[in-house]
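Along the sequence shown, the residues carry numbers beginning at 1. Predicted model only: the values in this text are computed from it and were never measured.
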Amino acid sequence: MEFVFSVDENEAPPPSGFDLGHIDVRGDRGEASSRNHTPDQAMMIYLSLTLLLDGLRRFLPGRDRFFTTSAVDSSFSLTFRRAKDGSIETVHDGKVIDRSSVPDLASAVHTGAERFATPRLSLLPGDDAGREDLEKSLAEFGIYVSRLPRENARE
């Protein structure tokens with residue numbers, strides 16, 4: 001499973017925590033993207049990624065059956081459904097994109113978020129609210145991921 005977060009190609013400088021961007025999700029059962037829709041589904045990417053990380057950090061260790069995250073300033077959304085065996089289905093517009101274990105899903109989201117944030121956060125002003133929120137959420141999600149059991153860990 002792969003999550004790719006990006007700033008929209010048409011965003012004008014200077015960078016801002018309110019920049020529009022996209023989410024692309026690829027799984028073993030399909031793909032979902034906020035790109036190429038009418039109306040446009042570009043979202044405030046820094047804020048939307050923060051909501052995704054914070055929501056998953058609360059949902060994944062819990063017992064709720066599903067969690068839906070909606071993008072900021074966009075109609076794009078993803079739903080995560082807990083199956084009876086504990087696996088999580090990632091769903092967009094009623095179509096299952098992937099079914100993953102909690103550690104695999106959390107790792108995929110964390111990897112995608114890190115790939116997005118690492119080169120971009122330093123370009124935002126230090127007091128930018130979008131930057132501050134995403135830095136905090138990413139750090140907290142990273143701690144959560146580091147504490148998950150590794151399914152294929154070797155002893």
Using side chain to side chain contact (heavy atoms under 4.5 Å, CB included), reason through Ile45 and Leu20 one step at a time and then give a plain yes or no.
CA-CA 6 Å; Ile45 191 63; Leu20 296 179; over 6 Å; no

Roughly how far, to the nearest 0.5 Å, is the OG atom of Ser48 from the CD1 atom of Ile23?
6.0 Å

Using a 3.5 Å distance criterion without hydrogens, assess whether the side chain of Asp28 forms a donor-acceptor pair with backbone atoms of Asp98.
no

Nearest 0.5 Å, what's the CG-CZ distance between Leu78 and Phe67?
9.0 Å

Of all heavy-atom pairs between Ser74 and Ala42, which one has the smallest distance, and what is that distance?
CB-O, 3.3 Å

Run the salt bridge (Lys or Arg N to Asp or Glu O under 4.0 Å) test against Asp24 and tell me which residues pass, sequence neighbours left out.
Arg35

Nearest 0.5 angstrom please: Met43 CE to Asp8 CG, how far?
10.0 Å

Between the side chains of Gln41 and Ser75, is a donor N or O closer than 3.5 angstrom to an acceptor N or O?
yes

Taking the side chain as C-beta and beyond, is there a heavy-atom pair between Thr90 and Met1 under 4.5 Å?
yes

Under the ring pair (Phe, Tyr, Trp, His ring centres under 6.0 Å) test, residues paired with Phe141 that sit two or more places apart
Tyr144

Just distance, no hydrogens or angles: give the donor-acceptor pairs under 3.5 Å from side chains in residues 49-62, sequence neighbours left out.
unit_1 : atom_1 : unit_2 : atom_2 : d
Thr50  : OG1    : Tyr46  : O      : 2.9
Thr50  : OG1    : Leu134 : N      : 3.4
Asp54  : OD1    : Ser137 : OG     : 2.7
Asp54  : OD2    : Ser137 : OG     : 3.1
Arg57  : NH2    : Glu140 : OE1    : 2.9

Test ring pair (Phe, Tyr, Trp, His ring centres under 6.0 Å) applied to His110 - qualifying residues, sequence neighbours left out:
none

Check step by step if side chain to side chain contact (heavy atoms under 4.5 Å, CB included) holds for Arg29 and Glu89.
CA-CA 10 Å; Arg29 298 182 186 187; Glu89 290 182 331; 4.1 Å; yes

Evaluate the criterion side chain to side chain contact (heavy atoms under 4.5 Å, CB included) for residue pair Leu105 and Phe3; output intermediate values, then yes/no.
CA-CA 9 Å; Leu105 173 61; Phe3 286 79; 3.8 Å; yes

Smallest heavy-atom separation, Pro125 atom then Pro15 atom, equals CD-O, 4.2 Å

Considering residues at least two apart in sequence or located in another chain, which fulfil the ring pair (Phe, Tyr, Trp, His ring centres under 6.0 Å) criterion with Phe76?
His92

Using side-chain heavy atoms (C-beta onward) and a distance below 4.5 Å, is Asp73 in contact with Met44?
yes

Do the non-hydrogen side-chain atoms of Val25 and Glu31 ever get within less than 4.5 Å of each other?
no

Would you please name every residue forming a side chain to side chain donor-acceptor pair (under 3.5 Å) with Arg131, sequence neighbours left out?
Glu135

Under the salt bridge (Lys or Arg N to Asp or Glu O under 4.0 Å) test, residues paired with Arg26 that sit two or more places apart
Glu2

Filter on ring-ring contact (aromatic ring centres under 6.0 Å, His included), then keep only pairs touching residues 16-42, sequence neighbours left out; what's left?
none

Residues forming a salt bridge (Lys or Arg N to Asp or Glu O under 4.0 Å) with Arg120, sequence neighbours excluded
none

Verify, without hydrogens or angle tests, whether Ser6 (side chain) and Gly21 (backbone) share a donor-acceptor contact under 3.5 angstrom.
no

Verify side chain to side chain contact (heavy atoms under 4.5 Å, CB included) between Ser16 and Asp128, making sure each step is shown before the conclusion.
CA-CA 7 Å; Ser16 159; Asp128 185 287; 4.2 Å; yes

Taken to the nearest 0.5 Å, the spacing of Ser87 OG from Asp104 CG works out to 10.5 Å

Listed once per pair and sorted, the side chain to side chain donor-acceptor pair (under 3.5 Å) pairs that draw on residues 59-68, sequence neighbours left out:
Thr68-Thr79

Considering non-hydrogen atoms only, spot the tightest contact between Gly130 and Leu47 and give its length.
CA-CD2, 3.9 Å

Under a single-linkage definition using a 4.5 Å side-chain heavy-atom cutoff for Ile, Leu, Val, Met, Phe, Trp and Tyr, are Val72 and Leu138 assigned to the same hydrophobic cluster?
no

Taking salt bridge (Lys or Arg N to Asp or Glu O under 4.0 Å) as the definition, give me every residue that meets it alongside Asp85, ordered by chain and number, with sequence neighbours left out.
Arg99

Is there a side-chain contact between Asp127 and Glu132, using heavy atoms and a 4.5 Å cut-off?
yes

Within the structure provided, determine whether Val102 and Leu148 are in side-chain contact (heavy-atom separation under 4.5 Å).
yes

Other ILVMFWY residues reachable from Val91 by side-chain steps of under 4.5 Å
Val96

